[in-house]
Amino acid sequence: MGNIIKRYLDLDYAEVLILVVGIYLCYIGILRYKERKQGEAAPRIRYGFGLLFIVYIVFLLELTLLNRGMGLEYRLELEMFWSYKKVILEHDLELRTQILGNIIAFLPWGILLPLISEKARNFRVTILSAFFMSAGIELMQLIFKCGLCELDDVMNNTLGAFIGYGIIMIIGRIWKKKA
C-alpha cells in the first residue's frame with residue numbers, strides 16, 4: 001500500500017530532510033528574534049539541542065506514522081492497562097518489548113525539551129506536551145489506519161517523558177552542585 005508520506009504528502013526522504021532543515025532555520029530565526037527583543041543571547045548549545053529535538057521529532061513521526069502502511073480497518077483499544085495484563089498473564093514478550101519501546105521512545109522528549117525551552121523546565125509543560133503529542137500520534141494512527149490507537153501507548157509515552165524529565169533534572173542538580 002505504500003507509506004503515508006508517499007500516499008498523502010508525496011515526499012521522498014530528501015524532501016523531508018529539506019523540510020527539517022527549513023524548520024530548524026525557522027527555529028534559529030525565532031531564537032535570534034527573541035534574543036534581540038530581550039537583549040540577551042541564548043546559550044549557543046541551545047541551537048544544537050533544538051536541532052537534535054527536531055531530528056528526534058522527525059524520527060518519532062517516521063517510526064510511529066509516516067513509514068507505516070495503511071490497514072483496512074480502524075483499530076482502537078480503550079481499556080487501560082490491557083497490555084500490562086496480557087504481559088503478566090500470558091507472558092507476552094513481544095508486547096513487553098513494545099511497552100518498553102513506547103517508554104523509551106519519549107525519553108528524549110523529557111530530556112531535550114527542557115534543554116531548549118525555559119517554559120519546558122516546568123514539569124507540567126513538559127509532561128502535558130508529551131501527553132498531547134502522544135495522543136496526537138495515536139489519533140493519527142486511528143485516522144490513517146496505520147496502527148493500533150490505544151490509551152496504554154499514551155500512558156507509556158508520557159511515562160517515558162516523565163522519566164526523561166527526571167533524568168535531566170537530576171543531572172542539572174548535580175551540575176549545579178559541582179559548579
Side-chain angles (χ1 to χ4, degrees), residues 3-5 16 19-20 23-24 27 30 45-46 48-71 73-176:
N3 63 36
I4 289 176
I5 290 178
V16 171
L19 183 64
V20 168
I23 291 170
Y24 178 66
Y27 168 73
I30 290 168
I45 195 158
R46 191 178 289 177
F49 287 132
L51 177 61
L52 195 57
F53 189 68
I54 291 168
V55 169
Y56 159 70
I57 289 174
V58 170
F59 174 76
L60 184 65
L61 293 175
E62 174 73 16
L63 182 70
T64 59
L65 288 173
L66 301 176
N67 203 24
R68 293 184 175 195
M70 288 189 57
E73 60 188 35
Y74 296 104
R75 298 178 56 217
L76 179 65
E77 180 57 69
L78 296 176
E79 180 186 346
M80 286 294 291
F81 303 111
W82 76 270
S83 58
Y84 288 86
K85 291 175 192 173
K86 190 168 182 176
V87 166
I88 292 168
L89 298 175
E90 298 177 23
H91 306 291
D92 190 328
L93 296 178
E94 183 180 332
L95 193 53
R96 184 180 71 182
T97 302
Q98 288 178 11
I99 291 169
L100 291 173
N102 279 316
I103 293 169
I104 291 168
F106 268 72
L107 278 172
W109 189 280
I111 292 171
L112 292 172
L113 194 59
L115 291 174
I116 63 171
S117 170
E118 295 284 333
K119 290 180 183 176
R121 291 191 184 138
N122 178 314
F123 172 78
R124 287 184 192 153
V125 171
T126 298
I127 301 307
L128 282 175
S129 66
F131 172 83
F132 285 118
M133 179 66 167
S134 178
I137 288 170
E138 293 300 313
L139 184 60
M140 296 306 286
Q141 285 179 348
L142 179 65
I143 291 169
F144 291 119
K145 302 177 192 174
C146 65
L148 175 61
C149 175
E150 57 181 303
L151 292 177
D152 281 6
D153 281 358
V154 175
M155 178 188 65
N156 292 329
N157 295 155
T158 306
L159 175 61
F162 175 82
I163 293 168
Y165 182 86
I167 289 169
I168 200 63
M169 290 300 120
I170 290 169
I171 290 171
R173 285 191 181 126
I174 292 169
W175 190 287
K176 282 183 182 180

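This structure is a prediction, so every number in the text was calculated from the model and none was measured. In what follows, residues are counted from 1 in the order of the sequence shown.
- By the neighbour-count criterion of 12 heavy atoms within 6.0 Å, atom CZ of Phe59 is sparsely surrounded, having that number or fewer from other residues, nucleotides or ligands.
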- Task: Please step through side-chain contact (heavy atoms from CB on, under 4.5 Å) for the pair Ile88 and Phe81, ending with a clear verdict.
- Result: CA-CA 11 Å; Ile88 292 168; Phe81 303 111; over 6 Å; no
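- For the pair Ser129 (side chain) and Thr126 (backbone), a donor-acceptor distance under 3.5 Å is present.
- Of the inter-residue distances, the one linking Leu76 atom CG with Leu148 atom CG reads 7.5 Å to the nearest 0.5 angstrom.
- The minimum heavy-atom distance linking Ala161 with Ala130 is given by the pair CB-CB, 3.3 Å.
- Val55 places a side-chain heavy atom less than 4.5 Å from the side chain of Leu51.
- With hydrogens and angles ignored, the 3.5 Å screen pairs a side-chain donor or acceptor of Asn102 with a backbone N or O of Gln98.
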- Message: For a side-chain contact (heavy atoms from CB on, under 4.5 Å) check, start with the C-alpha distance between Val125 and Leu128, then their side-chain angles and the critical distance, and finish with the verdict.
- Response: CA-CA 5 Å; Val125 171; Leu128 282 175; over 6 Å; no
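- Closest approach of Tyr165 to Pro114, counting heavy atoms only: CD1-CG, 3.8 Å.
- Here the straight-line distance linking atom CG of Leu115 with atom CD1 of Ile168 works out to 4.0 Å at 0.5 Å rounding.
- Other residues, nucleotides and ligands contribute over 12 non-hydrogen atoms within 6.0 Å of the CZ atom of Phe53.
- Between Tyr84 and Asn156, the closest side-chain pair of non-hydrogen atoms falls below 4.5 Å.
- Residues in residues 141-152 take part in no salt bridge (charged side-chain N to carboxylate O under 4.0 Å, His left out) pair, two or more places apart or across chains.
- For residues 110-130, the pairs satisfying salt bridge (charged side-chain N to carboxylate O under 4.0 Å, His left out) are Arg46-Glu118, Glu118-Arg121, with sequence neighbours left out.
- Taking every heavy atom of both residues into account, Glu138 and Val154 meet most closely at CG-CG2, 3.6 Å.
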- Task: Under the side-chain contact (heavy atoms from CB on, under 4.5 Å) rule, what do Leu60 and Ile137 come out as? Steps first, then yes or no, please.
- Result: CA-CA 9 Å; Leu60 184 65; Ile137 288 170; 4.1 Å; yes
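- A 6.0 Å sphere centred on CD of Glu79 holds more than 12 heavy atoms belonging to other residues, nucleotides or ligands.
- Counting heavy atoms from C-beta on, the side chains of Tyr56 and Phe106 come closer than 4.5 Å.
- By the 4.5 Å heavy-atom criterion applied to side chains, Phe123 and Phe162 are counted as neighbours.
- Using a 4.5 Å cut-off on side-chain heavy atoms (C-beta onward), Asp153 and Thr64 make no contact.
- Using a 4.5 Å heavy-atom cutoff, the side chains of Met133 and Ile57 are in contact.
- The distance from the CG atom of Leu139 to the OG atom of Ser134 is 11.0 Å, given to the nearest 0.5 Å.
- In this structure, the separation between NZ on Lys86 and CD on Glu94 is 9.0 Å, given to the nearest 0.5 Å.
- Note: Lys85 NZ to Asp92 CG = 15.0 Å, rounded to the nearest 0.5 Å.
- Atom CG of Leu159 is separated from atom CD1 of Ile104 by 11.0 Å, given to the nearest 0.5 angstrom.
- Side-chain contact check for Ile99 versus Met155: every heavy-atom pair is 4.5 Å or farther apart.
- Using a 4.5 Å heavy-atom threshold, the side chains of Leu151 and Glu77 count as separate.
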